[in-house]
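In what follows, a structure is listed as structure tokens, so that the remarks can point back to it.
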Amino acid sequence: MKLKEIYSFLDSLSPFELQEKWDNSGLLVGSLEDEIQKVYISIDLDEEILETIEENSLVITHHPLIFSPLKKVNFDSYSTKLLKILIQKNIALVSMHTNIDVTHLNKYVAQEILGLEVIDSEGYICYANVNDSFSDFANNISKRLGLEYIKYVKCSDFVKKVALITGAGMSLIDQVDADCFLTGDIKYHDAMEAKARGISLIDIRHYESEKHFSPLMMGLIEGYLKKNKLQAIITASKNPFKFCTQGETVE
């Protein structure tokens, strides 16, 4: 099956034109005329994953391998090391980043992973009714995401309405109309800004909130690929960070 047929289907699911201006979603490696034999899905790529991927395959990732223009390709950086392997094995790469955030991922995580009652999901911010104590709500979110500890800013004891953006969404804090905001990569000054606005925060981490891209994409494309006699495989991309509590051995 030619890549252009799969690419057209992906574009119909989540139009690439919806991506942000700074984003780099779409076809990053390969040709639309490539013949694809297998499809792999992952939030990210690393060398370990690429060792397991067969030649003449397509990889669909959430995060683009290339963001900024490359001025040199010396195979000594994250992106160029992986580019070398992709080209050598004739593996095509398509990334679905901010476009899939808008059309599917935020709502999917809110409903299917966190079990929230979604009331609005237009654009990046997904809203849900909660009506629970902050303590119980924070603990429930932490449990559902498998977080080892809870990083939060508490501005009130009760949560009526929550906003959610997977990944890193603090740049949109001025658009949030809720008393609690769930997102990842929250920094110190972000926390101060939210506290000044009276918006509670729960840091749902970047990887932990976006790793659900893979099962989401599998559900969206598996039927289409089967009709065209192609197999879809989820690859086990790992979180580069490790966490430990004080006193535990750092491994």
Side-chain angles (χ1 to χ4, degrees), residues 13-14 18-20 22-23 25 43-44 62-63 96-220 239 241 243:
L13 286 175
S14 182
L18 295 178
Q19 68 180 288
E20 290 294 311
W22 50 262
D23 197 10
S25 295
I43 181 177
D44 282 301
H62 184 45
H63 296 136
M96 303 185 72
H97 191 211
T98 52
N99 57 314
I100 201 76
D101 287 339
V102 170
T103 60
H104 291 83
L105 186 58
N106 289 326
K107 186 176 181 180
Y108 177 83
V109 171
Q111 288 184 325
E112 304 301 325
I113 307 303
L114 301 181
L116 297 174
E117 178 192 343
V118 174
I119 56 175
D120 186 20
S121 185
E122 293 185 7
Y124 287 100
I125 307 176
C126 184
Y127 289 101
N129 288 326
V130 175
N131 295 317
D132 199 0
S133 69
F134 181 87
S135 177
D136 288 347
F137 178 63
N139 281 301
N140 181 50
I141 293 299
S142 177
K143 182 178 180 180
R144 285 178 175 267
L145 290 174
L147 304 181
E148 296 186 37
Y149 62 89
I150 307 174
K151 178 181 175 184
Y152 65 93
V153 173
K154 181 181 176 182
C155 293
S156 60
D157 292 330
F158 198 79
V159 179
K160 293 183 179 179
K161 180 181 177 184
V162 68
L164 176 144
I165 300 178
T166 58
M170 284 303 298
S171 62
L172 297 177
I173 184 69
D174 60 340
Q175 298 179 34
V176 170
D177 180 20
D179 38 57
C180 184
F181 185 26
L182 310 180
T183 193
D185 290 348
I186 298 174
K187 300 177 181 178
Y188 176 84
H189 292 290
D190 294 331
M192 296 296 287
E193 180 66 29
K195 194 170 183 179
R197 293 171 181 263
I199 300 174
S200 298
L201 297 176
I202 300 174
D203 193 327
I204 57 174
R205 318 284 201 278
H206 203 123
Y207 175 84
E208 286 82 352
S209 64
E210 291 194 331
K211 68 179 182 180
H212 307 287
F213 166 81
S214 294
L216 165 65
M217 284 303 304
M218 177 64 83
L220 291 173
N239 190 347
F241 287 107
F243 302 92

Quiz item: Just by distance, do the side chain of Ser209 and the backbone of Arg205 share a donor-acceptor pair under 3.5 Å?
Solution: yes
Cut-off 3.5 Å, no hydrogens considered: what does the side-chain donor-acceptor table look like for residues 168-176, sequence neighbours left out?
none

Quiz item: Does Lys154 have any salt bridge (Lys or Arg N to Asp or Glu O under 4.0 Å) partners at least two apart in sequence or in another chain, and if so, which?
Solution: Asp157
Self-check item: Minimal non-hydrogen separation, Val153 against Ala191, with atom names
Solution: CG2-CB, 3.7 Å
Quiz item: Are Asp132 and Asn140 close enough that some pair of their side-chain heavy atoms sits under 4.5 Å apart?
Solution: no
Quiz item: Below 4.5 Å, heavy atoms only, C-beta onward: do Leu116 and Phe137 meet side chain to side chain?
Solution: yes
Quiz prompt | Residue list, ring pair (Phe, Tyr, Trp, His ring centres under 6.0 Å) with Tyr149, at least two apart or on another chain | solution = Phe243
Quiz item: Got a sec, which residues hit side chain to side chain contact (heavy atoms under 4.5 Å, CB included) with Asp101, two or more places apart in sequence or on another chain?
Solution: His62, His97, Thr98, Leu105, Asn106, Tyr124, Thr166, Glu210
Quiz item: Distance from Asn139 atom CG to Leu147 atom CG, nearest 0.5 Å?
Solution: 10.5 Å
Quiz item: Got a second to check how far Leu216's CG is from Tyr108's OH, nearest 0.5 Å?
Solution: 6.0 Å
Quiz item: Between the main-chain N or O of Ser14 and the side-chain N or O of Asn99, is there a donor-acceptor pair closer than 3.5 Å?
Solution: yes
Quiz prompt | From Tyr152 atom OH to Ser200 atom OG, the distance as rounded to the nearest 0.5 Å | solution = 10.5 Å
Quiz item: So which heavy atom on Cys155 is nearest to which on Lys195, and how close?
Solution: SG-CA, 3.9 Å
Self-check item: Close side-chain approach of Ile125 to Ile165, heavy-atom, < 4.5 Å
Solution: yes
Exercise. Any chance you could measure Lys107, atom NZ, to Ser121, atom OG, to the nearest 0.5 Å?
Key: 6.0 Å
Quiz item: Does the Asp190 side chain pair with the main chain of Lys187, one donor and one acceptor, at a distance under 3.5 Å?
Solution: yes
Quiz item: Taking only residues two or more places apart in sequence or in another chain, which ones pass salt bridge (Lys or Arg N to Asp or Glu O under 4.0 Å) with Glu193?
Solution: Arg197
Quiz item: What's the spacing between Phe213 CZ and Met96 CE if we round to 0.5 Å?
Solution: 6.5 Å
Exercise. Apply salt bridge (Lys or Arg N to Asp or Glu O under 4.0 Å) to Lys161 and list each qualifying residue two or more places apart in sequence or on a separate chain.
Key: Asp177
Quiz item: Within the side chain of Asp179, is there an N or O that forms a donor-acceptor pair under 3.5 Å with the backbone of Lys160?
Solution: yes
Practice problem: Identify the two heavy atoms, one from Cys180 and one from Phe134, that lie closest to each other, and give their separation to 0.1 Å. | Solution: SG-CE1, 4.2 Å
Quiz item: When rounded to the nearest 0.5 angstrom, what is the spacing between OG1 in Thr183 and CD1 in Ile202?
Solution: 11.5 Å
Self-check item: Heavy-atom closest contact (Ala163 atom, Ala178 atom, distance)
Solution: N-CB, 3.7 Å
Quiz item: Got Leu164 and Ile204 here, is their nearest side-chain heavy-atom distance under 4.5 Å?
Solution: yes
